[in-house]
Visitor: 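Got a structure for you, written out below as structure tokens; questions coming shortly.
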There are 2 protein chains.
Amino acid sequence: MMNEDSIIAKRPLGELIAEHLKQDIYNQKVKFGERLIEADLAENFDVSRSTIREALKILEQEELVTSKARKGTFVSEFTERDLDEMNELRLMIEAKAFVKALKNLEEPHYQDLQSIIDEMKEEAENGNWNALFDLDMQFHQYVVNMCGNSRIIKIYESISVQIRVYLAHLDQYYSSPVSFYREHKELMEALLHKDTVSVERKIKNHISFVEEKLVRKTDSE
Amino acid sequence: MMNEDSIIAKRPLGELIAEHLKQDIYNQKVKFGERLIEADLAENFDVSRSTIREALKILEQEELVTSKARKGTFVSEFTERDLDEMNELRLMIEAKAFVKALKNLEEPHYQDLQSIIDEMKEEAENGNWNALFDLDMQFHQYVVNMCGNSRIIKIYESISVQIRVYLAHLDQYYSSPVSFYREHKELMEALLHKDTVSVERKIKNHISFVEEKLVRKTDSE
DNA sequence: GGAATTAAAATTGTCGACAATCGACATAGG
DNA sequence: CCTATGTCGATTGTCGACAATTTTAATTCC
């Protein structure tokens with residue numbers, strides 16, 4: 001009668017470790033290009049190498065690490081070129097997903113989104129970039145999840161994690177947290193009006209904002 | 001002095017087995033929904049279960065199998081709904097990739113493509129659907145590979161394998177092999193003319209051809 | 001001193017065994 | 001008869017050990 005996944009779902013160890021490692025990557029406890037040695041990880045996490053291998057396979061799937069046969073697995077290095085690729089892909093997917101999501105967004109969803117936006121405002125005022133990025137991810141993923149295409153959702157998940165990691169590793173951002181927040185506020189309004197054209201334009205703006213304003217030092221400032 | 005990957009690169013066993021299993025799925029030696037039991041596979045392939053596990057993780061990555069913790073791994077079941085999702089994604093990606101590829105396609109590439117087309121013609125006349133599908137995959141993947149975005153390439157690889165599997169499992173096709181071939185010939189001509197607009201339209205047509213003409217029995221026949 | 005060889009250490013690939021869990025059946029109790 | 005509980009076999013999760021390979025260090029030879 002109370003057999004169902006008792007609060008803490010009993011997931012395989014490998015998955016838990018994979019998540020832990022992902023956090024470590026977010027927090028730069030392991031850096032780009034760093035080699036991950038199975039035996040060491042096994043000792044640190046106090047599990048067998050088989051389990052570590054499973055965890056690494058999961059991370060590899062999300063492209064957070066890359067492994068070459070018999071050469072080892074390394075934390076993926078994201079260059080600016082990679083960011084370009086990611087953004088191109090992201091733009092394509094997100095533009096489509098958002099428009100499709102419009103058909104499915106109902107009142108309760110808008111409330112959820114609004115509360116994310118509200119949190120963003122707070123974190124923006126505190127200048128807390130890391131929290132801001134997490135909320136950003138939540139916001140976009142939430143909308144994409146409403147698009148109705150499970151494959152699009154899955155791909156977006158993967159790509160957004162990568163972008164998240166990329167941003168986390170930057171040591172400086174060339175824009176203010178508040179304008180980052182304002183971006184989302186405008187996007188939210190376009191969603192509320194169910195204005196397809198406007199939504200597409202805003203998405204496009206938003207992504208180029210990340211690329212050009214946030215990451216690169218532009219002259220026009 | 002001749003140590004470099006001697007012709008046959010020494011890849012991990014798990015990868016080889018994953019490929020073998022993929023072929024088995026193509027050829028319907030294993031069917032949709034079928035459960036894959038690690039111990040049995042280990043015995044059949046005469047390797048340890050660890051190796052089988054690795055192979056299954058690879059297939060899971062390509063979404064050809066699905067595995068639930070402690071429940072086992074099953075060959076993915078693709079419904080018509082899945083085909084819809086796949087095509088939507090494919091359309092999005094391929095339209096973008098082809099247009100981008102136009103910038104990079106040179107004479108030798110066109111020759112490669114033409115030879116694929118020529119083979120298609122032959123197989124079409126023999127009514128050999130399976131070979132035709134393989135060539136179809138080759139053709140599209142070849143062009144997509146020229147788009148210059150490694151992430152787009154990777155995603156397309158995954159999605160096209162899935163579509164390939166879906167088509168392989170159909171027991172009947174509602175169109176002629178020759179018209180399937182002709183589709184590609186037209187696409188090829190659009191590529192040769194580097195006519196962006198035409199390429200986009202042709203891609204769109206081609207994908208809806210697969211969905212509506214090849215798979216579904218339409219009345220307009 | 002430096003390039004080529006060889007030896008040693010570190011690391012990944014593969015294996016077989018045991019533990020934990022699941023599913024089906026049998027059995028007991030109402 | 002139906003439901004709950006216990007048991008057993010089948011299957012997956014995890015482990016530690018050995019084999020194969022790569023990387024590093026040491027040695028030899030020019």
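Every chain is numbered from 1 and lettered A, B, ... according to where its sequence line falls, protein lines coming before strand lines. The figures that follow rest on heavy atoms only: side chains count, while hydrogens, waters and symmetry mates do not.
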Visitor: Please report, rounded to the nearest Å, how far the P atom of dT12(D) is from the NZ atom of Lys57(B).
Guide: 12 Å
Visitor: Just the rounded figure in Å: distance from C1' of dG16(D) to CZ of Arg53(A).
Guide: 14 Å
Visitor: Show the numbers, then the answer: is there a salt bridge (charged side-chain N to carboxylate O under 4.0 Å, His left out) between Arg11(B) and Glu19(B)?
Guide: CA-CA 12 Å; Arg11(B) 291 191 302 153; Glu19(B) 271 179 33; 3.1 Å; yes
Visitor: Pair up each side-chain donor or acceptor in residues 60-72 of chain B with any protein partner under 3.5 Å, not counting sequence neighbours, and list the distances.
Guide:
from: Glu62(B); atom 1: OE1; to: Lys22(B); atom 2: NZ; distance (Å): 3.1
from: Thr66(B); atom 1: OG1; to: Ser76(B); atom 2: OG; distance (Å): 3.3
from: Arg70(B); atom 1: NH1; to: Lys10(A); atom 2: O; distance (Å): 3.3

Visitor: Applying salt bridge (Lys or Arg N to Asp or Glu O under 4.0 Å), which residue pairs with at least one partner in residues 98-114 of chain B are found, sequence neighbours left out?
Guide: Glu88(A)-Lys100(B)
Visitor: With sequence neighbours left out, write down each residue that passes side chain to side chain donor-acceptor pair (under 3.5 Å) with Gln114(A), or none if nothing qualifies.
Guide: Asp118(A)
Visitor: Taking only residues two or more places apart in sequence or in another chain, which ones pass salt bridge (Lys or Arg N to Asp or Glu O under 4.0 Å) with Arg164(B)?
Guide: Asp134(B)
Visitor: Which residues satisfy the ring-ring contact (aromatic ring centres under 6.0 Å, His included) test with His109(B), sequence neighbours excluded?
Guide: none
Visitor: According to salt bridge (Lys or Arg N to Asp or Glu O under 4.0 Å), who are the partners of Glu200(B), at least two apart in sequence or on a separate chain?
Guide: none
Visitor: In residues 34-52 of chain B, what residues come within less than 4.0 Å of DNA chain C, judged by heavy atoms?
Guide: Val47(B), Ser48(B), Arg49(B), Ser50(B), Thr51(B)
Visitor: What pairs with Phe74(A) under ring-ring contact (aromatic ring centres under 6.0 Å, His included), at least two apart in sequence or on another chain?
Guide: none
Visitor: Atom pairs under 3.5 Å, N or O on each side, protein against nucleotides 7-9 of chain D: can you list them with distances?
Guide:
none

Visitor: Could you tell me how far apart Leu13(A) (CG) and dC15(D) (C1') are, to the nearest whole angstrom?
Guide: 11 Å
Visitor: In whole Å, I'd like the distance from the CD atom of Glu54(A) to the C1' atom of dC15(D).
Guide: 13 Å
Visitor: Suppose we screen for salt bridge (Lys or Arg N to Asp or Glu O under 4.0 Å). Which residues come up paired with Lys57(A), at least two apart in sequence or across chains?
Guide: Glu54(B)
Visitor: Between residues 61-74 of chain A and DNA chain C, which residues have a heavy-atom gap below 4.0 Å?
Guide: Ala69(A), Arg70(A), Gly72(A)
Visitor: Checking Tyr181(A) now: which residues fulfil ring-ring contact (aromatic ring centres under 6.0 Å, His included) with it, not counting sequence neighbours?
Guide: none
